[in-house]
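Right, one structure below, let's go through it.
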Amino acid sequence: MPFYKKSSFFAAIALGAVFVTGVTAQDRESDPSIRALEARLNDERVLFNVEVESDVTDDVLELGRLVAMGGSSAGGSGMACISCHGAEGMGDGSGAFPRLAGQPGWYMYKQLIDYATGDRPNNVMSGIAQRLTEQEMEAVSAYYAVIDAPYRPVLGDISAEMLQWGGQLGAVGSAERGIPACVNCHGPQGLGNAPSVPYLAGQYANYMTHQLQLWQEGVRDNDAMNVMSSIASKMTEEDMRAVSEYYARVRPAERAIIDVDVLSAD
């Protein structure tokens, strides 16, 4: 039976079976102000007009587990998510491969779609996503969304001053520089905003810094209404590193623990 009805936590994050309507092309203002960027956060297009069409069932999660293990219709070790992201979605502590565990399912599903279409080019992920069916994309996204995994230790040292600056950018942004606060979209403590906004807390600093660089360079171009690209364009390398290192060290005070027994409960 669908497990959404068992837990509001699942309903918030495990959005694998969804469709997108009304996504518009990005509008590129040359240098939008901080007020303009903050106004976009309330625009429904920033949420990609998500509409949940069906519940995620036990069968969907089982298919997702199979895909993660390399059992998609294309199949093979080269298609196994666990090879890079791990069975628990913990990723690689170096940041080469991001943490997937507990990310909003619909967000991950959209990234797979964008990898497949080229809206988010990546030498590894584009080829993998192009070989997945839409059903497999939905299933594996839902599977990783409901996993609760421990955090890897943070690698490297960083000065207290840089961490303080990163925390300030996350909490209040920089009015002088026109950078809005990360919490406006990614929520308190960087916990994300399901279904479409990923968490930052506990993600790897190198990965987050690299993504900001890709947005700044225009290589990554799959953010709604150009919000992230516009923000990244205002950031220095030091800003990117500081906010990434800060969020990499943030741990939620309380995490909802998923009881796997509920997945098979009557």
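Counting heavy-atom neighbours within 6.0 Å of Gln164 CD, excluding the residue itself, gives a total of 12 or less. For Gln213, the CD atom is densely surrounded, since the number of other residues' heavy atoms within 6.0 Å is greater than 12.
Both Trp215 and Tyr247 are members of a single hydrophobic cluster when ILVMFWY side chains are connected at heavy-atom separations under 4.5 Å. No continuous path of ILVMFWY side-chain contacts below 4.5 Å connects Tyr199 to Phe97, so the two sit in separate hydrophobic clusters. Cluster membership for Tyr115 and Tyr107, using ILVMFWY side-chain heavy atoms within less than 4.5 angstrom, is shared. Put simply, Val243 and Val250 are part of the same group of oily side chains (I, L, V, M, F, W, Y) that touch within less than 4.5 Å, one to the next.
With Asp92 contributing its side chain and Gly95 its backbone, the two residues share no donor-acceptor pair below 3.5 Å.
Between Met137 and Ile113 the shortest heavy-atom distance is SD-CD1, 3.5 Å. When all heavy atoms of Leu191 and Ala201 are compared, the pair lying nearest together is CD2-CB, 4.2 Å. Looking at every heavy atom in both residues, Ala149 comes nearest to Arg99 through O-NH2, 2.7 Å. Residue Asn193 comes nearest to Cys185 through the heavy atom pair CB-O, 3.4 Å, listed as atom of the first residue, atom of the second, then distance.
A salt bridge does not link Arg241 with Glu238: every distance from a Lys NZ or Arg NE/NH1/NH2 to an Asp or Glu carboxylate oxygen is 4.0 Å or more.
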- Item | From CA spacing to verdict: side-chain contact (heavy atoms from CB on, under 4.5 Å), Glu136, Ser73 | CA-CA 9 Å; Glu136 288 169 343; Ser73 57; 3.2 Å; yes

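Interatomic distance, CG of Leu112 versus CE of Met125, reported as 5.0 Å (0.5 Å rounding). Interatomic distance, Met208 CE to Met240 CE, rounded to the nearest 0.5 Å: 13.0 Å.
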